[in-house]
Amino acid sequence: VPSPPPGPEEDQGPRLVVDPAHPFLAPVPGDQRGPCPGLNTLANHGYIPRDGVASPSQIISASMAGFNMDHGTARLATYVGHILNGNVVTDLLSIGGKTDKTGPDPPPPASVGGINTHGTVEGDSSLTRGKFCGCASQLADDFFGNNFNFNQEFFNQFTEFSARYGNGYYNLTVAHELRYHRIQQSINSNPTFNFLGPRQITAFGESAFPILMFVDGRTTGALAGHLSMSAAESFFKDGRYPPNFFRAANPGGAFNPEVLTIVGTNSSRPGFQPGRNANGVNTFVVDDTQGGLSDICRFYEVLVGTRVKALYPNPTGVLRSNLNLNLQFLFDSLPAALNCRQIFPYGSD
Ligand code: HEM
Ligand code: MG
C-alpha cells in the first residue's frame with residue numbers, strides 16, 4: 001500500500017543543502033536521469049535514491065528538503081508524474097527512462113515509462129532539452145529525437161537571452177522573452193507542436209522554477225530573483241548544486257505569482273494561450289479543451305477522466321485500489337480555493 005505523502009516541513013527557511021550527508025556523485029551506468037534538472041540534482045546529491053528510482057513520498061520530501069519547493073506543487077507534480085509514468089503497484093517512479101527497477105509492469109496500455117515519456121509531464125518547447133533539428137529555426141522538440149538530455153545549443157540561447165534582457169542573469173524579463181521565443185521556434189519547426197493545457201501549465205511553471213529555486217536562498221537586494229549563468233549551467237547541465245548552495249528562503253512553485261508574471265499581464269503574444277499546431281508547422285490554433293493556466297480544474301478533469309482512464313481502462317484488485325489512492329492524493333494536492341470537482345473513474349472505495 002503506498003504511503004500517504006509527507007506533510008509540509010516544519011522549518012521552511014533557507015538552509016545549506018550541500019551538507020556532508022549530500023555530496024555530489026556523478027551517476028553510474030544504469031542510474032536514471034531525465035529532463036528535470038531539479039530531480040537530477042536531487043538524485044546526484046542523494047536526496048532521492050541515486051539510482052533515480054523512488055517512491056512519490058521520497059520525491060515529495062526531497063523536493064521540499066533540497067529546493068524548498070512548496071508542498072502543493074511537489075505533490076501535484078509528483079502524482080501527475082507517478083500516475084502517468086510510474087508503477088502504482090510497486091509505488092516506484094523513474095526520474096528518467098523505463099527500467100526494470102520499477103518492478104513488473106501492470107498490463108498494457110499502461111507504459112510505466114518514467115518521466116522521460118513524451119507528452120505526459122515532459123513536453124514540447126523546453127528551455128534546455130530537445131534536439132538540434134537542422135531546420136529553419138535550428139532548434140526543436142521531441143519530434144526530432146531525444147527530449148531529455150541537456151542540449152548545448154539550447155543552453156547557448158538561454159545564455160544569449162540572459163545577456164540581452166537580464167544583464168547576464170536569468171530573471172523574470174528573460175523568462176518572458178525566452179518562453180515566447182521557444183514557443184515561436186516550436187510553432188515554426190515542430191509539425192506536431194503540442195502546447196495544450198497540461199504543457200502550457202508546466203512550461204510556464206518551469207520557466208519560473210529557475211528563478212524561484214535555483215537562486216541561492218541568501219540572495220537579497222538587486223540580485224534577488226537573478227540566476228547567474230554559472231549556477232544555471234551547474235543545475236541544467238550537471239545536475240549539481242553550486243558550492244555552498246542554500247535552498248530558497250521561502251517555499252515556491254507552480255502557484256507563485258511569478259508564473260503569471262512570465263505570461264505577462266494581458267499578454268496576447270501568439271502561443272501564450274494553450275494550443276497546438278493543427279496541421280503542420282505554422283498552424284498554431286488556440287485550444288483550451290484540456291484546460292490551462294486559467295482553468296486548472298479542467299486540466300485535472302481531462303487528466304483523470306480521459307488520460308488515466310485510457311492507460312488503465314479496467315483495473316482490478318491492488319492495481320485499482322492503488323490507483324484510487326493515488327488519484328485521491330492527486331486531488332488533495334489541488335489548491336482548495338479552486339474548488340475543483342473530484343472525478344472517480346473507478347468508483348470510490
Ligand atoms: C522540467 C525544475 C521537481 C518533472 C523542469 C525544468 C525545470 C525544473 C527548471 C525545465 C527544464 C527545461 O525546460 O529545460 C524543477 C525543480 C524541482 C522540480 C527545481 C524541485 C524539486 C519536479 C518534480 C517532477 C518534475 C517533483 C515530477 C515528478 C519534470 C519534468 C520536466 C521538468 C517531466 C520536463 C518538462 C519539459 O521541459 O519537457 N523541472 N523540477 N520536476 N520537471 Fe522539474
Ligand atoms: Mg521537454
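For the numbers below, each heavy atom of this structure counts, side chains included, while hydrogens, waters and symmetry mates do not. When a ligand or atom number is given, it counts from 1 through the structure's own listing order.
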Suppose we measure from [atom] to each protein heavy atom; which comes out shortest, and what is that distance?
atom                    : answer
atom 31 (C) of ligand 1 : Glu206 OE2, 3.7 Å
atom 19 (C) of ligand 1 : Phe214 CE2, 3.6 Å
atom 2 (C) of ligand 1  : Phe209 CD2, 3.6 Å
atom 27 (C) of ligand 1 : Ala77 O, 3.5 Å

Exercise. May I ask you to test the Ser186-Ile183 pair for a side-chain heavy-atom distance under 4.5 Å?
Key: no
Quiz item: Between the main-chain N or O of Phe329 and the side-chain N or O of Ser333, is there a donor-acceptor pair closer than 3.5 Å?
Solution: yes
Exercise. Kindly say whether Gly239 contributes a backbone atom to a donor-acceptor pair with the side chain of Asn44 at under 3.5 angstrom?
Key: yes
For [atom], which of [options] has the closest heavy atom?
atom                    : options                       : value
atom 33 (C) of ligand 1 : Asn40, Ile211, Val121, Asp124 : Val121
atom 11 (C) of ligand 1 : Pro37, Ser126, Gly81          : Pro37
atom 40 (N) of ligand 1 : Gly34, Gly38, Gly86, Cys36    : Cys36
atom 3 (C) of ligand 1  : Arg182, His118, Met69, Arg247 : Met69
atom 14 (O) of ligand 1 : Leu76, Leu212, Thr128         : Thr128

Determine whether the side chain, the backbone, both or neither of [X] has a heavy atom under 4.0 Å from any heavy atom of ligand 1.
X      : value
Leu39  : side chain
Phe154 : neither
Thr120 : neither

Yes or no: does [X] have any heavy atom under 4.0 Å from an atom of ligand 1?
X      : answer
Phe235 : no
Leu42  : yes
Arg199 : yes

Quiz item: Is the Mg ion (ligand 2) less than 2.8 Å from at least one N/O/S atom of Ser126?
Solution: yes
Quiz item: Under 2.8 Å from the Mg ion (ligand 2), is there an N/O/S atom belonging to Phe148?
Solution: no
Quiz item: Around atom CG of Asn314, are there more than 12 heavy atoms of other residues, nucleotides or ligands at under 6.0 Å?
Solution: no
Quiz item: Just wondering, more than 12 heavy atoms not from Tyr169 lying within 6.0 Å of its OH?
Solution: no
Quiz item: Quick one: does Gly123 get an N or O within less than 3.5 Å of an N or O on ligand 1?
Solution: yes
Exercise. Taking the six-membered ring for Trp and the full ring for Phe, Tyr or His, determine whether the centres of Phe155 and Phe150 are under 6.0 Å apart.
Key: yes
Exercise. Measure from the ring center of His45 to the ring center of Tyr241 and say whether it is less than 6.0 Å.
Key: yes
Quiz item: Just checking, any donor-acceptor pair under 3.5 angstrom between side chains of Asp332 and Gln328?
Solution: yes
Please confirm whether [X] makes a cation-pi placement over [Y], using NZ or CZ under 6.0 Å from the six-membered ring centre and within 45° of the ring normal.
X      : Y      : value
Arg218 : Phe246 : yes
Arg129 : Phe148 : no
Arg199 : Phe195 : no

Any atoms of ligand 1 less than 4.0 Å from a non-hydrogen atom of [X]? List them with their elements.
X      : value
Glu122 : 33 (C), 35 (C), 38 (O)
Leu127 : 12 (C), 13 (O), 14 (O)
Phe67  : 20 (C), 21 (C)
Ser63  : 21 (C), 26 (C)
Thr78  : 26 (C), 28 (C)
Pro210 : 9 (C)

Quiz item: Can you name the N, O or S atom of Glu122 that is closest to the Mg ion (ligand 2)?
Solution: OE2
Please determine whether a side-chain nitrogen of the Lys or Arg among [X] and [Y] lies less than 4.0 Å from a carboxylate oxygen of the Asp or Glu.
X      : Y      : result
Arg269 : Glu177 : yes
Lys98  : Asp105 : yes
Glu9   : Arg15  : yes

Quiz prompt | Aromatic plane relationship, His181 with Phe161 - under 30° parallel, 30 to 60° tilted, over 60° perpendicular | solution = tilted
